[in-house]
Undergrad: 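The structure's right below; bear with me while I get my questions together.
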Amino acid sequence: MNNIENLKQEALTKHIPIMQDEGISFLLRFIKEHHIKHILEIGSAIGYSAIRFASISDDIYVTTIEKDEDRYMQAINNINNFNLNNRIEIINGDALDIDIEGQFDLIFIDAAKGQYIKFFEKYKNNLKDNGIIVSDNLSFHGLVADPSKIRNRNTKQLVKKIKKYIDFLKTNDEYETVFYTYGDGISISYRKNDK
Ligand code: SAH
Ligand code: MG
């Protein structure tokens, strides 16, 4: 199977939280327009977004980290089916426990929503001077804007942490962040030039 639509449907059927259409379209356009070549992704799931990024052009390289072993195995299989194993490197591990070598044009944070500040602080060291950090799911199904809809205690805690991350970005003096409502809410953080 090497049809992206099939892969998307498979993910949706298995309730794997892949990027939404509007969010991925926006990000793919951004990658093209800014000539981004080296991408680090935190949270591969079954490889859907990594495959979309690498499919833009054959000079794009993706390193992606997935902690769940079963999803990692599925991602390897999918990446092979798309013949992208030469340009997508997938690592099985907890992104907070491992160290990645190299500098990237874009770091995409799309893993455990409660850990975004930690991912940001750790992986900004792998960002090129003019690199950007992209974060997904900042709306969290609209619950960040309207927490009164939340029934479940864990979700409440998670939404609190997402809010905290948004504040962290807004008050960060090393990075300037722009927030978008595409998909499930995406932000783009640019390193300030004078730092
Ligand atoms: N980027 C994917 C979706 C990722 S879903 C896409 O759009 O196609 C989030 C994934 O992050 C899950 O598969 C989860 O197992 C993984 N994850 C959560 N915490 C992690 C961590 N600390 N390190 C690595 N992966 C993590
Ligand atoms: Mg996401």
Side-chain angles (χ1 to χ4, degrees), residues 16-20 23-24 26-27 30-31 34 36-54 60-72 75 88-141 143-144 154-180 182-192 195:
I16 293 163
I18 57 168
M19 277 202 95
Q20 296 181 11
I24 195 114
F26 168 72
L27 197 48
F30 189 94
I31 290 168
H34 293 80
I36 283 161
K37 302 298 173 201
H38 291 94
I39 300 171
L40 173 63
E41 175 182 69
I42 321 289
S44 340
I46 62 169
Y48 172 76
S49 50
I51 289 169
R52 298 286 317 252
F53 301 152
I60 292 182
Y61 293 82
V62 183
T63 299
T64 182
I65 311 169
E66 174 54 53
K67 83 171 179 192
D68 182 88
E69 193 169 350
D70 186 49
R71 285 186 180 176
Y72 162 80
I88 301 178
E89 184 192 0
I90 177 160
I91 297 155
N92 185 205
D94 185 322
L96 293 175
D97 293 340
I98 60 175
D99 290 311
I100 298 289
E101 303 235 325
Q103 301 293 109
F104 298 83
D105 303 304
L106 187 154
I107 296 176
F108 178 46
I109 304 178
D110 193 21
K113 310 305 161 202
Q115 312 269 308
Y116 273 25
I117 295 181
K118 287 185 187 158
F119 295 136
F120 190 105
E121 290 291 16
K122 177 174 163 94
Y123 285 102
K124 69 180 188 188
N125 300 312
N126 292 85
L127 196 62
K128 284 188 190 166
D129 279 348
N130 291 316
I132 60 155
I133 300 182
V134 177
S135 313
D136 190 34
N137 305 100
L138 299 187
S139 306
F140 206 65
H141 323 294
L143 296 176
V144 174
N154 289 338
T155 311
K156 205 169 254 175
Q157 286 306 108
L158 208 55
V159 165
K160 258 193 191 157
K161 286 188 174 162
I162 296 171
K163 277 198 170 137
K164 209 170 155 198
Y165 181 64
I166 293 171
D167 283 341
F168 161 86
L169 293 176
K170 283 183 177 166
T171 57
N172 199 302
D173 35 61
E174 272 182 294
Y175 291 82
E176 183 79 51
T177 299
V178 185
F179 296 89
Y180 299 90
Y182 298 120
D184 196 29
I186 291 185
S187 69
I188 298 196
S189 304
Y190 302 84
R191 201 201 300 263
K192 291 183 185 172
K195 299 279 165 176

Undergrad: From I100 CD1 over to E89 CD, what is the distance, rounded to the nearest 0.5 angstrom?
TA: 7.0 Å

Undergrad: How far does NZ of K128 sit from CD1 of I36, to the nearest 0.5 angstrom?
TA: 10.0 Å

Undergrad: Between the main-chain N or O of A95 and the side-chain N or O of Y123, is there a donor-acceptor pair closer than 3.5 Å?
TA: yes

Undergrad: Between T64 and I88, is any pair of side-chain heavy atoms under 4.5 Å apart?
TA: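 A side-chain contact exists here, since the closest heavy-atom pair is under 4.5 Å.
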
Undergrad: Hey, could you give me the CG/CZ distance between L40 and F108, rounded to the nearest 0.5 Å?
TA: 11.0 Å

Undergrad: As a quick check of understanding, evaluate side chain to side chain contact (heavy atoms under 4.5 Å, CB included) for N126 and I107, giving each step before the final call.
TA: CA-CA 8 Å; N126 292 85; I107 296 176; 4.2 Å; yes

Undergrad: Would you say that more than 12 heavy atoms from the other residues, nucleotides or ligands in this model lie under 6.0 Å from the CG of N125, or not?
TA: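 Correct, the count exceeds 12.
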
Undergrad: Taking the side chain as every heavy atom from C-beta outward, state whether I24 and F53 have any pair of such atoms under 4.5 Å apart.
TA: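 With C-beta onward as the side chain, the pair touches.
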
Undergrad: Would you say the side-chain atoms of K113 pair up with the backbone N or O of A111, donor to acceptor, closer than 3.5 Å?
TA: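 It does hold such a pair.
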
Undergrad: Take the angle between the ring planes of Y180 and F26 and call it parallel below 30°, perpendicular above 60°, tilted in between.
TA: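 Geometry flag for F26 against Y180: tilted rings.
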
Undergrad: Can you confirm whether F119 sits close enough to I133 that some side-chain heavy atom of one is under 4.5 Å from a side-chain heavy atom of the other?
TA: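 F119 does not reach I133 side chain to side chain.
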
Undergrad: Check the pair F104, I39 against side chain to side chain contact (heavy atoms under 4.5 Å, CB included), reporting the backbone distance first and the verdict last.
TA: CA-CA 6 Å; F104 298 83; I39 300 171; 5.6 Å; no

Undergrad: How long is the gap from CZ on F30 to CD1 on I132, to the nearest 0.5 Å?
TA: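 Between F30 CZ and I132 CD1, I get 3.5 Å after rounding to 0.5 Å.
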
Undergrad: Using side chain to side chain contact (heavy atoms under 4.5 Å, CB included) as the criterion, point out the one residue from N137, D184, I186 that pairs with M19.
TA: I186

Undergrad: Heavy-atom count around K156 NZ within 6.0 Å, excluding the residue itself: above 12?
TA: no

Undergrad: Would you give the length of the straight line joining atom CG of L127 to atom CD of E174, rounded to the nearest 0.5 angstrom?
TA: 10.5 Å

Undergrad: Considering non-hydrogen atoms only, spot the tightest contact between I60 and A54 and give its length.
TA: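 Of all heavy-atom pairs spanning I60 and A54, the closest is CG2-CA, 4.2 Å.
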
Undergrad: For a quick test of reading the model, state the closest non-hydrogen atom pair linking Y116 to D136 and the distance between them.
TA: OH-O, 2.9 Å

Undergrad: Before you tell me yes or no, could you show the steps for K37 and D105 under salt bridge (charged side-chain N to carboxylate O under 4.0 Å, His left out), namely the whole-Å CA-CA distance, both residues' side-chain angles and the distance that decides it to 0.1 Å?
TA: CA-CA 7 Å; K37 302 298 173 201; D105 303 304; over 6 Å; no

Undergrad: For S135 and Y165, test the side chains for any donor-to-acceptor distance below 3.5 angstrom and give the result as yes or no.
TA: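 Their side chains do contain a donor-acceptor pair, which is all the 3.5 Å distance test asks for.
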
Undergrad: Decide yes or no on side chain to side chain contact (heavy atoms under 4.5 Å, CB included) for D110 and V134, but give the supporting numbers first.
TA: CA-CA 9 Å; D110 193 21; V134 177; over 6 Å; no

Undergrad: When you measure from the side chain of N92 to the backbone of I65, do you find a donor-acceptor pair of N or O atoms at a distance under 3.5 Å?
TA: no

Undergrad: Please round to the nearest 0.5 Å and tell me the distance separating atom CD1 of I117 and atom CD1 of I166.
TA: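 Those atoms lie 10.5 Å apart.
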
Undergrad: Restricting to non-hydrogen atoms, name the atom on A45 and the atom on A75 that form the minimum distance, rounded to 0.1 Å.
TA: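 Residues A45 and A75, closest heavy atoms: O-CB, 3.6 Å.
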
Undergrad: Answer yes or no: are there more than 12 heavy-atom neighbours, outside E121 itself, under 6.0 Å from its atom CD?
TA: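 For E121, atom CD is crowded (more than 12 foreign heavy atoms under 6.0 Å).
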
Undergrad: Going by heavy atoms in the side chains, are F168 and K164 under 4.5 Å from each other?
TA: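 Side-chain contact under 4.5 Å: no.
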
Undergrad: Which residues pass the side chain to side chain contact (heavy atoms under 4.5 Å, CB included) test with T177, not counting sequence neighbours?
TA: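 Scan of T177 (side chain to side chain contact (heavy atoms under 4.5 Å, CB included), adjacent residues dropped) gives L169, F179, S187, S189.
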
Undergrad: To check you understand the geometry: which heavy-atom pair defines the closest contact between S44 and I90, and what is its length?
TA: OG-CD1, 3.6 Å

Undergrad: Side chains of I18 and S49: closer than 4.5 Å at any heavy-atom pair?
TA: no

Undergrad: Look at atom NZ of K161 and say whether more than 12 heavy atoms of other residues, nucleotides or ligands are closer to it than 6.0 Å.
TA: no

Undergrad: Taking side chain to side chain contact (heavy atoms under 4.5 Å, CB included) as the definition, give me every residue that meets it alongside K160, ordered by chain and number, with sequence neighbours left out.
TA: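 In terms of side chain to side chain contact (heavy atoms under 4.5 Å, CB included), with neighbours along the sequence ignored, K160 is linked to Q157.
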
Undergrad: Between F120 and N172, is the side chain to side chain contact (heavy atoms under 4.5 Å, CB included) condition met? List the steps.
TA: CA-CA 11 Å; F120 190 105; N172 199 302; 4.1 Å; yes

